[in-house]
J.: 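For reference, the structure I am asking about is given below.
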Amino acid sequence: MDMNQPSEHPLNPSFFETATTHFRLLFLLTGWYLALGFLVRAGLWATFGREAQVSAVSLLWVVPAGAVSDLVQCLYLLAPLALFLWLKGDRASPGRFGKVTVPATTFLWMLSLLFIGACEYFFFEEFNARFNLVSVNYLMYPTEVAGDIWSEYPVVKILIACALMAALSAWAFRSQMLAVRSRPFGFRARSLFMAAYAGALVLAIGWIPTGLFGLSSNRVTNELAANGPSSFFRALRTSEIEYHAYYATRPRAENLKTLVDQLSPGGGTFTRLSEGRLDRQFQARPGGLGKLNIVLISSESFGAEFSKLYDSNRDWTPEFDHTAQRGLWFRHVYATGTRTVRGLEAISASIPPVPTESILRRPGNESMATLGKVLRGHGYQTAFLYGGYGYFDNMNNFFRNNGYDVLDRTNLKTKPRFENIWGVSDEDLFDMALGYADERARTGSPFFIHIMNTSNHKPYTFRPGLESIGVKVSGGGRESGVRYADFAQGRMLREAEKHPWFNDTLFIIIADHGARVYGKQEIPLKTYEIPLLFYAPKHVLPRRVDGLMSQIDLAPTLMGLLGLPYTAPWFGQDVLNTPEKGRVLLFNHNHHVALMKDGTLTLLGLHGTIGSKHYDPEHDAYGPSMEDRRNADLAIAYYQTAYELFKSKAYD
């Protein structure tokens, strides 16, 4: 081979012409992917962006920024092809093998990315975001997720459509793929091109982050500018990260002092501050309800947005609304996150939602100070009942190792009324709970049963016979899901009245999280509002509680209402015996965590970023806010300390 051909010198115009010819498929697929990225971005904006107040003017920078994001992702997606073309022999035309494999591989590459683009649309519909930590978590359980997708979405039709578009695209490029080159392009020249490609790839890896164009105060605008696969791999890379390496920190002693000042108005005596722990000892409270049985329902996606009591124009929860007005009803309660695991960790362990991964899914989550463990110390029989398979999200393992007996759908002894990939019907789950309560009651010891239902979940399929209350067998969507969950919960309470233990039982209904994340904010607070009631007609008088409350406050509020003494390192407060002024709410969304106090929302993000906004809950409006050092310190104290106590196994 002549290594001194003029066409192989990078300054020779013919070099670029020959390079373009040799690497033509690389350039063609880059252009194709940029076009696909534009179409996906435009579709997401038209369908969801305008609802989130992303203006058409914003597209003037979103589209080019998105194109750059897509171009960077192309460096990763097409690296194998670039390597192949670099090593490919200097033949004027492809051989027989190349004439088959190159078009076939191109077709499969296009098909995969078209299908991913379709998946992005449906994911955005649910979460108002590109692929994030939720997508990573879901892929850890392919059976449930694949079953859900197959039941809810027209997968076959989407695949056929994607295959047709990929085939047409590949056919259109076929002549260019197999075109004969007019001049050779030697290994040295190919290596120069490959060196430039590798340099660009190294630059992308080292200095171009996924969120490079996250410049807008509107979260959805930033999501539109991002690239979906890039966002997924970022979430995969940071799904369980070291807090101190990525988030703002303060000295531990300062954090402890900050938290002592914040928690002290809630009462209790700090017993282990010298060990860097927040354990508080609470004495028995005179006038408490005593050792009542407890049935706690954490209701799937049962957001406040569906209840007329919470000023919703959708009257989908008549059973809850009726019961709430006969019990202790909490008007302003907020979930800590957007997934079931976040609700369960807050309710059971009264711990802030540490960034990225829930403690339910982290290693080392055994022997924690859960509500079940504390109640067992008072002689309670404690259990966690789940309508699905409890291996999902590590629920069985977490609860079994933290003071609970565990039952899931495998323990159901009768044929369910209906079931889907996520679980058996709520009616069957509640019947199992009633039977279990009967068994526990016969022992003479009080019981605590925490129930996690599943029916209010895609694919929203239900049994016939409930059409009169607005529950369709299929095709009813979220409305049927909420109405069915509400019906089943009301039915359980009516059935429970027939059992001898009913009069000495406290029922609690709370959502695990809201139904859907939507809105332009990093933490769209309206979607975090959830209902909560305590119901024991023989013991608790009807009452409305208007103070702010977080899910992490449930366990200490329950213990205060019962009046039982206990010691625990819980971060939550007894809202029935703590001043309303100065209360905090804690939130997690994707990589962000936040604290709200006195109307100021303080956000902690990756790379030590801190931001703040003023929030008006009455109008669900956000405004600028000067950064408050005290609130920032408090937010850091909550999240850093929670992470440190968990990692050091000092939350027991």
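Each residue takes its place number in the sequence, starting with 1.
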J.: Return yes when atom OH of Y246 has more than 12 non-hydrogen atoms of other residues, nucleotides or ligands closer than 6.0 Å, and no otherwise.
T.: no
J.: I need the single residue from E300, E125, E126, E305 that forms a salt bridge (Lys or Arg N to Asp or Glu O under 4.0 Å) with R478. Which is it?
T.: E126
J.: What pairs meet the side-chain hydrogen bond (donor to acceptor under 3.5 Å, both in side chains) rule with one or both residues in residues 57-73, with sequence neighbours excluded?
T.: R41-D70, S55-S58, D70-N227
J.: Is the gap between the ring centers of F131 and F123 under 6.0 Å?
T.: yes
J.: Applying side-chain hydrogen bond (donor to acceptor under 3.5 Å, both in side chains), can you list everything that pairs with R409, at least two apart in sequence or on another chain?
T.: E419
J.: For A594 and L601, which heavy atoms make the closest approach, and how far apart are they?
T.: CB-CD1, 3.8 Å
J.: For the aromatic rings, using the six-membered ring if either is Trp, is the centroid distance between Y639 and Y247 under 6.0 Å?
T.: no
J.: Does this structure show an ion pair linking E357 with R339, if we count only N-O contacts that are shorter than 4.0 Å?
T.: no
J.: For F27, does the CZ atom have more than 12 heavy-atom neighbours from other residues, nucleotides or ligands under 6.0 Å away?
T.: yes
J.: For atom NZ of K458, is the number of surrounding heavy atoms from other residues, nucleotides or ligands below 6.0 Å larger than 12?
T.: yes
J.: Got a second to check how far E366's CD is from K649's NZ, nearest 0.5 Å?
T.: 5.0 Å
J.: Which heavy atom of S480 sits nearest to which heavy atom of F462, and what is that distance?
T.: CB-CE1, 3.7 Å
